[in-house]
Amino acid sequence: MRSLVLGFQEMDKTQLLLVGGKGLNLGELSKIEGIRVPEGFCVTTAGYQTVIEQNETYHALLNRLMMLTVEDRDQIGEISRMIRQIIMEADIPADVVKAVTHYLSEFGVKHAYAVRSSATAEDLPHASFAGQQDTYLNVIGKEAILQHISKCWASLFTDRAVIYRMQNGFDHSQVYLSVIVQRMVFPQASGILFTADPINSNRKRLTIDASFGLGEALVSGLVSPDSYKVQEEKIVDMKIAAKKWAIYGLKEGGTETQQIDPDQQKAQTLTEQQILQLARIGRKIEEHFGCPQDIEWCLAHDTFYIVQSRPITTLYPIPEADDQENRVYVSVGHQQMMTDPIKPLGLSFYLLTTRAPMRKAGGRLFVDITPALASPDRRKMIIDALGKSEPLIKDALLTIVAREGFIKTSPDDGEKMPSTSNSHEGIASSDFQAQIENDPTIVSDLIKRNQTSIEELKQNIQTKTGSALFDFILEDIQQLKKFLFDPQSSAVFMTAMDASAWINERMKEWLGEKNVADTLSQSVPNNITSEMGLALLDVADVIRPFPEVIDFLQHVKNDNFLDELVTFKGGQETLDAISAYLHKYGMRCAGEIDMTKTRWSEKPMTLIPMILGNIKNFEPNEGKRKFEQGRQEALEKERELLDRLKALPDGNRKAEETKRVISLIQNFIGYREYPKYGMISRYFVYKQALLKEAEQLVQAGVIHEKEDVYYLFFDELSDVVRTKKLDYQIISKRKDEYNIYEKLTPPRVITSDGEMLSGKYERENLPAEALVGLPVSSGVIEGRARVILRMEDAVLEDGDILVTSFTDPGWTPLFVSIKGLVTEVGGLMTHGSVIAREYGLPAVVGVESATKLIKDGQRIRVHGTEGYIEIL
């Protein structure tokens, strides 16, 4: 028989489905020695189920609710209200009433109790559901307690609880509710204790919020609490708030809000001794549960009582380390313009390719830069280099370096810090010297060499299967690394970046003009990424004369559309144009550094909205016109600069030197995008070969679908292919983890304490409401903001300004339709910035929370030269 009611001491860890998350945690808390938990019991989910299982109207309404989405607010409200009414009007089963009566007689019927909801999808490690169900305080008498048990059951279907479940992917029919009945404590003070700092995630710093009376005043936002921070047994910060109100229990039941005496309002709620005592209690509870906790406490008669503890679900995981030393990690995703989580197979390939000391956390990669920061010589070099890619990272690192004793200084060993990405950052110098001779054939030779190598790879990999394939891929990755880290290849774009920095520095000094290199970089040759955006305009030109094809493409629903094209007039021409585009660029997609992401060749439909947008928004030959316009603007700028320089003292020498440096930019800066194209091209060849192996595993019944292999690391997949054996639980567990990682926002910089640092911009004389970022492409533009988080959702009109989290090369086809760019992530030389300059689009990147602060459809002004956005 299922237990209908359980005392806290009778519960065990296996009973989540019986007592819910809150009940389970109370049961655990009551077993920790030295922790005081007000006594009580739990009406289990078995009691709730007996109320609903035979009710046909309830099940009919639940089925209707499950057909709705978050957008159907009115229907959600109506159906939820009817379900609540059914539950409230249902009789509580006699055996539940009998069990509740028994426990009340044990603890004292005349006492006051708190009656709290505890859902089976609540206070879980990955979803807190905090505040979604109801709590009732100071309930006195058996009848009142039974009535409030029904109210708690009904609160499973408040609108907010229903919508929260929808947003977090929980099935309404699989979530049940138990009810906690717990002796009331009438406290002099109460509050919340976080065993990790909820603002910056530092695991060594506890935060205590405290106010007078019951904790409801704090939770409901009625008062601003005192806030105390404790680190290593010391109070490191204390803010005393003016607490005008408090909620207290009434003798006859219920609660009332009272105004606090004016002379008491600014009194410190807890003494320093009490603060430290509470911090020790928090650490003890955290140790028991094995992860940081969000704890509700109250203080009565100078004794601390714990009334709840749940995991803090919003903390970013700390990268794994081999020792207990202080460490500093920098996000790879912020430099590679892809901050989404990466599946295990994708992580494997990036780890096999990079030379930097990498660590994994939350499905992302981080570089351990502690050794570089410990060395006085290397410290400045790495901070300056990272600062050029992302000033916010630089500011965060300077904050850490300024902390005395956090990083131990080590003697310099001459070791060079490996690059954290497949790029380098140029550094301006007054005596600029090119790292390579100014010969444009160097670039075409590098490109030709790489293309030949990829064609050979495509041929050779076809004969490889099983373990031989994995050995072959490992061998070929050495070729990829040779290409990525080829000194000549690096010298090409290092020279171009140093040249850009020199030009910007000199033109500002000599002519008082900012960011001149932006205009000079427009429409340079050999930029594989910007050519890709213009080439999609050419595809639109092929399709434009054929209305039947356009109509067909407007109604395309699946990726088989290419086979059907030839039945229409102009279909063969369309097929040839799209196929040629995919042959050259089909290995690309948004988030492409994760090789498991779906490529355009695998899902050509992704391109259709962009092609149709190009047909609608542009005239024929727009691709050639855009390129030529950019080229002419760059030439005109060059002529103007040289004429102005010649008029200066020593002008001929300055003009001559500038002309030489401009030539280096225009010959070499386009190649900046090519190494990544080569890497992604190889990744796609590997991926296609591995998916053939995955199909074999599906046929052998080892995995359910071929994409399951994405959740295995490279060496694990190699073993599975060799042995044809796999514990499928691994795949299920990693799919769940990936869903959790998707909800996390990765930090730019994180320490081994878990502290996340995002850095600040130092900027003066800006409008008060300006959103500040990094200026990466000059000019000022006004337009409609289109806030787009997934490329496939993009519907743009000519003149829109794209606002998004990040843009890697896979976003480039959208750039031909926009007039400006705003991103939350990025630096001067990241891909979106490079392409924005080449297309002449004003752009500001690294704007914290841009996609939340700017609303879709708002008019905004982007100041690409000064680096800020105004909402108009």
Side-chain angles (χ1 to χ4, degrees), residues 332 335-338 346-356 358 365 367 416-426 435-437 439-462 464 469-497 524-532 583-589 592-595 599 667-690 714 808-810 829-831 834:
V332 171
Q335 294 163 80
Q336 284 296 333
M337 296 297 279
M338 211 295 275
L347 289 171
S348 292
F349 273 92
Y350 201 92
L351 288 166
L352 287 166
T353 307
T354 184
R355 299 193 298 191
M358 293 283 177
L365 290 170
V367 183
K416 194 165 179 270
M417 183 70 191
S419 167
T420 58
S421 63
N422 298 311
S423 64
H424 305 261
E425 297 302 337
Q435 297 190 21
I436 201 162
E437 62 180 300
D439 177 3
T441 63
I442 293 170
V443 171
S444 45
D445 288 347
L446 281 166
I447 290 173
K448 205 176 293 172
R449 210 183 313 155
N450 184 56
Q451 284 174 338
T452 306
S453 174
I454 289 170
E455 288 310 314
E456 284 173 10
L457 165 65
K458 285 178 182 173
Q459 289 299 314
N460 296 337
I461 205 167
Q462 287 177 8
K464 305 291 186 282
L469 171 64
F470 288 83
D471 294 340
F472 174 79
I473 288 173
L474 286 174
E475 217 173 286
D476 191 76
I477 284 174
Q478 299 313 308
Q479 287 298 113
L480 169 57
K481 284 164 93 164
K482 269 186 201 160
F483 165 66
L484 285 175
F485 305 112
D486 177 348
Q488 188 186 40
S489 174
S490 302
V492 167
F493 53 73
M494 281 295 285
T495 293
M497 288 183 210
V524 292
N526 295 314
N527 188 321
I528 190 77
T529 311
S530 63
E531 287 166 6
M532 175 173 77
H583 178 73
K584 188 164 186 182
Y585 304 111
M587 78 296 289
R588 308 213 90 153
C589 67
E592 63 188 13
I593 63 166
D594 179 359
M595 70 115 68
R599 310 284 136 177
N667 284 336
F668 292 155
I669 197 78
Y671 181 73
R672 163 72 179 79
E673 291 288 298
Y674 199 85
K676 191 170 190 184
Y677 172 79
M679 177 174 109
I680 299 304
S681 298
R682 276 189 133 82
Y683 276 9
F684 188 45
V685 179
Y686 304 151
K687 180 184 183 180
Q688 288 171 302
L690 290 172
F714 183 82
D808 65 354
M829 292 312 298
T830 43
H831 306 277
V834 172

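The chain is numbered in sequence order, starting from 1.
A search for side-chain hydrogen bond (donor to acceptor under 3.5 Å, both in side chains) contacts involving Asp808 returns nothing, not counting sequence neighbours. Residues forming a side chain to side chain contact (heavy atoms under 4.5 Å, CB included) with Lys584 (at least two apart in sequence, or on another chain): Ile528, Glu531, Tyr677. Shown here are the side-chain hydrogen bond (donor to acceptor under 3.5 Å, both in side chains) partners of Tyr686, two or more places apart in sequence or in another chain: Asp476. The side-chain hydrogen bond (donor to acceptor under 3.5 Å, both in side chains) search around Gln488 returns Arg449, not counting sequence neighbours. With sequence neighbours excluded, no residue forms a salt bridge (Lys or Arg N to Asp or Glu O under 4.0 Å) with Glu437. For Ser348, there are no side-chain hydrogen bond (donor to acceptor under 3.5 Å, both in side chains) partners, not counting sequence neighbours. In this structure Lys687 satisfies the side chain to side chain contact (heavy atoms under 4.5 Å, CB included) test together with Met595, Arg599, Glu602, Phe684, Leu691, Tyr710, sequence neighbours excluded. With sequence neighbours left out, Asn450 forms a side chain to side chain contact (heavy atoms under 4.5 Å, CB included) with Ile454, Phe483, Tyr674, Arg682. Qualifying ring-ring contact (aromatic ring centres under 6.0 Å, His included) partners for Phe714, counting only residues two or more places apart in sequence or in other chains: Phe349, Phe470. Partners of Glu592 by salt bridge (Lys or Arg N to Asp or Glu O under 4.0 Å), not counting sequence neighbours, listed by chain and number: Arg588.
Within the 4.5 Å cutoff, the side chain of Asn526 has no heavy atoms near those of the Tyr671 side chain. The shortest distance between side-chain heavy atoms of Pro440 and Pro525 does not fall below 4.5 Å. Taking 4.5 Å as the limit, every side-chain heavy atom of Val492 sits out of range of all side-chain heavy atoms of Asn667.
Separating the CD1 atom in Ile669 from the CE atom in Met497 is a distance of 6.0 Å, to the nearest 0.5 Å. Separation of atoms NZ (Lys676) and CE (Met679) is listed at 6.5 Å; rounding is to 0.5 Å. The CD1 atom of Ile593 sits 4.5 Å away from the CE atom of Met338 when rounded to the nearest 0.5 Å. Note that NZ of Lys482 and OG of Ser489 are 14.5 Å apart. Values are rounded to the nearest 0.5 Å. With rounding to the nearest 0.5 Å, the separation of OG in Ser453 from CG in Leu480 is 9.0 Å. Here the CG-CD1 distance, from Leu469 to Ile473, works out to 4.0 Å after rounding to the nearest 0.5 Å.
The nearest pair of heavy atoms linking Leu365 to Tyr350 is CD1-CD2, 3.5 Å. In terms of heavy atoms, Arg672 sits closest to Phe493 at CA-CB, 4.0 Å. Nearest heavy-atom pair across Gly346 and Asp594 is CA-OD1, 3.5 Å. In terms of heavy-atom proximity, Lys481 sits nearest to Thr353 at CG-O, 3.4 Å.
In the displayed structure, Glu475 atom CD is contacted under 6.0 Å by at most 12 heavy atoms of other residues, nucleotides or ligands.
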Taking only distance into account, with no hydrogens and no angle test, what donor-acceptor pairs under 3.5 Å do side-chain atoms of residues 441-448 form with protein atoms, sequence neighbours excluded?
from	atom 1	to	atom 2	distance (Å)
Thr441	OG1	Asp439	OD1	2.7
Thr441	OG1	Asp439	OD2	2.9
Ser444	OG	Thr441	O	3.1

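A side chain to side chain contact (heavy atoms under 4.5 Å, CB included) with Val834 is found for exactly one of Thr529, Val524, Asn527, namely Asn527.
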